[in-house]
Structure formats: structure tokens, C-alpha cells
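Okay, so here's the structure we're looking at.
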Amino acid sequence: PRSTLFPYTTLFRSERCLTSGYILDLRHEPMRTSKSRIKALRDLRHPRYRLRIGDLRVFYDVTPGQVEVVAVVRKAEDADWLARWGSRVE
């Protein structure tokens with residue numbers, strides 16, 4: 001079956017104008033949450049954050065000095081992706 005994950009390069013090719021600024025924001029303030037764009041995911045150990053870009057959701061983790069993009073999924077598929085791949089805090 002085809003995966004619902006989109007390669008990082010596809011994100012830039014298909015949504016370049018919309019996303020390039022948002023992805024650059026992750027380099028400077030990846031943990032700064034906002035009401036609509038960046039959300040800290042509660043009760044999840046992995047991934048810890050979600051960036052909203054139009055119809056896309058970018059799930060990522062932050063470690064000292066590094067932002068790891070875990071997945072890019074369509075909005076309609078984000079709940080299913082989190083249920084399957086997200087790691088809950090026990």
C-alpha cells in the first residue's frame with residue numbers, strides 16, 4: 001500500500017512559495033507555539049510538535065541544536081497518522 005507520507009523534497013517542490021518561510025522559522029524558534037501554526041502535541045512523546053501549513057501538517061521533534069522533521073501529511077490524514085505512528089506518554 002502507498003504511504004501517506006510525503007518526502008521532504010516533495011514539500012518544497014509542490015508548496016515552495018507557501019512553505020519555505022515556515023520551514024525556515026523552525027530553524028530559529030521551533031518550540032514557540034502559536035494559536036494556529038505551531039502546536040505542542042500533548043500526551044505524545046514522539047512527535048512533540050505540529051506545524052500547520054495550509055492543507056499540510058509537518059510533525060517534528062526538537063533536540064538540542066536540531067529539528068527533526070518526522071513526517072509531512074495532509075490534514076485529512078493527520079489523525080490516522082498520529083494514531084498509527086505517534087508514541088504516547090505512559
Side-chain angles (χ1 to χ4, degrees):
R2 184 168 178 222
S3 171
T4 58
L5 301 179
F6 294 89
Y8 192 60
T9 54
T10 301
L11 173 68
F12 280 113
R13 265 190 253 126
S14 64
E15 308 282 343
R16 182 169 301 189
C17 295
L18 179 63
T19 61
S20 58
Y22 291 106
I23 296 299
L24 289 176
D25 284 348
L26 291 182
R27 290 185 356 192
H28 301 290
E29 297 180 299
M31 296 184 292
R32 182 177 182 200
T33 60
S34 66
K35 198 169 188 178
S36 62
R37 280 190 344 163
I38 295 177
K39 179 179 179 182
L41 300 175
R42 292 186 225 165
D43 302 326
L44 284 179
R45 192 167 29 100
H46 173 75
R48 294 295 322 238
Y49 296 93
R50 183 209 69 204
L51 170 63
R52 192 179 114 208
I53 306 171
D55 189 41
L56 299 175
R57 301 298 180 259
V58 179
F59 294 103
Y60 65 97
D61 287 323
V62 179
T63 58
Q66 181 175 323
V67 174
E68 177 189 357
V69 174
V70 177
V72 179
V73 298
R74 300 266 179 221
K75 177 183 177 182
E77 300 164 346
D78 69 346
D80 292 336
W81 187 91
L82 282 173
R84 181 173 181 186
W85 299 105
S87 299
R88 298 232 174 254
V89 173
E90 295 179 12

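Residues P47 and V70 approach most closely at CB-CG2, 4.2 Å, considering heavy atoms. Between P30 and V62, the shortest heavy-atom contact is CB-CG2, 3.8 Å. In terms of heavy atoms, L44 sits closest to V89 at C-CG2, 3.8 Å. Between I38 and Y49 the shortest heavy-atom distance is CG2-CD2, 4.3 Å.
Rounded to the nearest 0.5 Å, atoms CG (L41) and OH (Y60) are 9.0 Å apart. With values rounded to the nearest 0.5 angstrom, L56 atom CG is found 10.5 Å from D78 atom CG. Atoms OG and CG, from S87 and D43 in turn, are 13.0 Å apart once rounded to the nearest 0.5 Å.
With R57 as reference, R52 is the one residue of R52, E77, K39, R74 to meet the side chain to side chain contact (heavy atoms under 4.5 Å, CB included) rule.
R45 meets the salt bridge (charged side-chain N to carboxylate O under 4.0 Å, His left out) test with no other residue; sequence neighbours excluded.
Side-chain contact between F59 and W81 is present, with heavy atoms from C-beta onward closer than 4.5 Å.
The main-chain N or O of R48 is found under 3.5 Å from a side-chain atom of D61 such that the two form a donor-acceptor pair.
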